There are 2 protein chains.
Amino acid sequence: MDTEINQLRTECFRALCETAGIAVTHQRQVVYEELCVMHGHPSPEEVYGRVRSRIPSISLATVYKTIHLFIESGVFREVSLHHGTLRVETNARPHHHLVCTQCKAIRDIDAEELGLTPAEGQLSDGFLVQRYAVDVLGLCAGCQKSAPQ
Amino acid sequence: MDTEINQLRTECFRALCETAGIAVTHQRQVVYEELCVMHGHPSPEEVYGRVRSRIPSISLATVYKTIHLFIESGVFREVSLHHGTLRVETNARPHHHLVCTQCKAIRDIDAEELGLTPAEGQLSDGFLVQRYAVDVLGLCAGCQKSAPQ
DNA sequence: CTAGGTGCAAAGTATTTGCAACGCT
DNA sequence: AGCGTTGCAAATACTTTGCACCTAG
């Protein structure tokens, strides 16, 4: 029976919503619960598919709105902060990215300046490492001033 | 005068195309040259905008095709391998991603298992680090077998 | 000469928005 | 009761595709 664990999730979710200052609705509750039990990195469509089996009348737009709300509130994260459109890497030097979580600006930082030199070769499960791409997430100087908190 | 440097780029580009086994066309040449002088992480639209000032008749579709060709041939990279659609991170533990460059599959790896613990705090330019997101790019076990080379 | 490349327009996918009805607080 | 939330349909953004014509090799 998942009843008890869902009961627990309901409590957690109410608390989360209170903190974030948003309303607790049945749709949000169900999207939250389904996300909690989904593994991997589901797309809005996949979430929609599962949620619809519990709330047949829900719309995809609501799922999108809810996911965005969760991300803004810090309840969940998105896999990549720069997923919007195709972007070409024009910098040929080995480098990583400073990504501002506020304004989404991306700045390059030379690999050696960042000083991260992880192990090469084969990982335990047979994954063959080619290279590392590091996103350093944080606040750029500008956003630290404008959003002091 | 940029004439000389462009002359040089023309040479480089011909060599690149030869290696990749693709034809050298005026459109590809110009897209290549513009990408070389653009900074940051341009979108196809931005590239189109610049290229159009030199080849007014070029179509956005050609720019897309050309960018994809460049990426496949390894002439340029894309900023994020998982930019397609919004994906929700359901794994609450601190972790990073093993991304297969062949089949695009993403697997989680615990942060401590990867053993990468970079410095916290403030970077030289005032960027305030919150966390690191690492993509380990390579070939998963399956793709190593199917594409031995 | 011919295989591959281009431009156009149309189609496809992903996501957002305006608005009337509805439900939480 | 009032404002935020929902569902719908339409709009928008981004990207791909089919096809006739063109061009590099």
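Chain letters run A, B, ... following the sequence lines, proteins first, then strands; residues in each count from 1. These numbers were taken from a predicted model, which means no experiment stands behind them.
Donor-acceptor pairing under 3.5 Å, judged by distance alone, is absent between the side chain of B/Lys65 and the base of C/dG4.
Across all strands, A/Ala23 comes closer than 4.0 Å only to sugar-phosphate atoms, never to a base (heavy-atom distances). At the heavy-atom level, B/Ser57 lies under 4.0 Å from the strands shown only through sugar-phosphate atoms. Within 4.0 Å (heavy atoms only), B/Glu45 reaches no atom of the nucleic acid at all.
Taking for each of B/Ala61 and A/Val24 the nucleotide of DNA chain C with the nearest heavy atom, the 5'-most of the two is the partner of B/Ala61. Nearer to the 5' terminus of DNA chain D, by closest-nucleotide assignment, is the contact made by A/Thr62 (compared with the other of B/Tyr64 and A/Thr62). When each of B/Pro44 and B/His26 is assigned the nucleotide of DNA chain D bearing its nearest heavy atom, the one mapping closer to the 5' terminus is B/Pro44.
Picking from C/dT6, D/dT6, C/dT15 the nucleotide with the shortest atom distance to the side chain of B/Thr85 gives C/dT15. Among the nucleotides C/dT16, D/dT15, D/dG7, the one closest to any side-chain atom of B/His68 is D/dT15. Listed candidates were D/dT15, C/dG5, D/dT6. Nearest to the side chain of A/Arg28 is D/dT6. Distances were taken from every side-chain heavy atom of B/Thr25 (C-beta onward) to each of C/dG5, C/dC8, C/dT15; the shortest belongs to C/dG5.
With B/Phe13 as the aromatic partner, B/Arg9 does not meet the cation-pi criteria of under 6.0 angstrom to the ring centre and within 45 degrees of the ring axis.
Residue B/Gln27 places no side-chain N or O under 4.0 Å from the OP1 or OP2 atom of D/dT23.
Rounding to whole angstrom units, CG of residue B/Leu86 and P of D/dA13 are separated by 18 Å.
To the nearest 0.5 Å, the span separating CZ on B/Arg28 from CG on B/Leu16 amounts to 12.5 Å.
The aromatic ring centres of B/His39 and B/His41 sit 6.0 Å or more apart.
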Point to revise | Residues B/His96, B/Asp110; criterion side chain to side chain donor-acceptor pair (under 3.5 Å); working and verdict | key: CA-CA 6 Å; B/His96 299 298; B/Asp110 270 28; over 6 Å; no
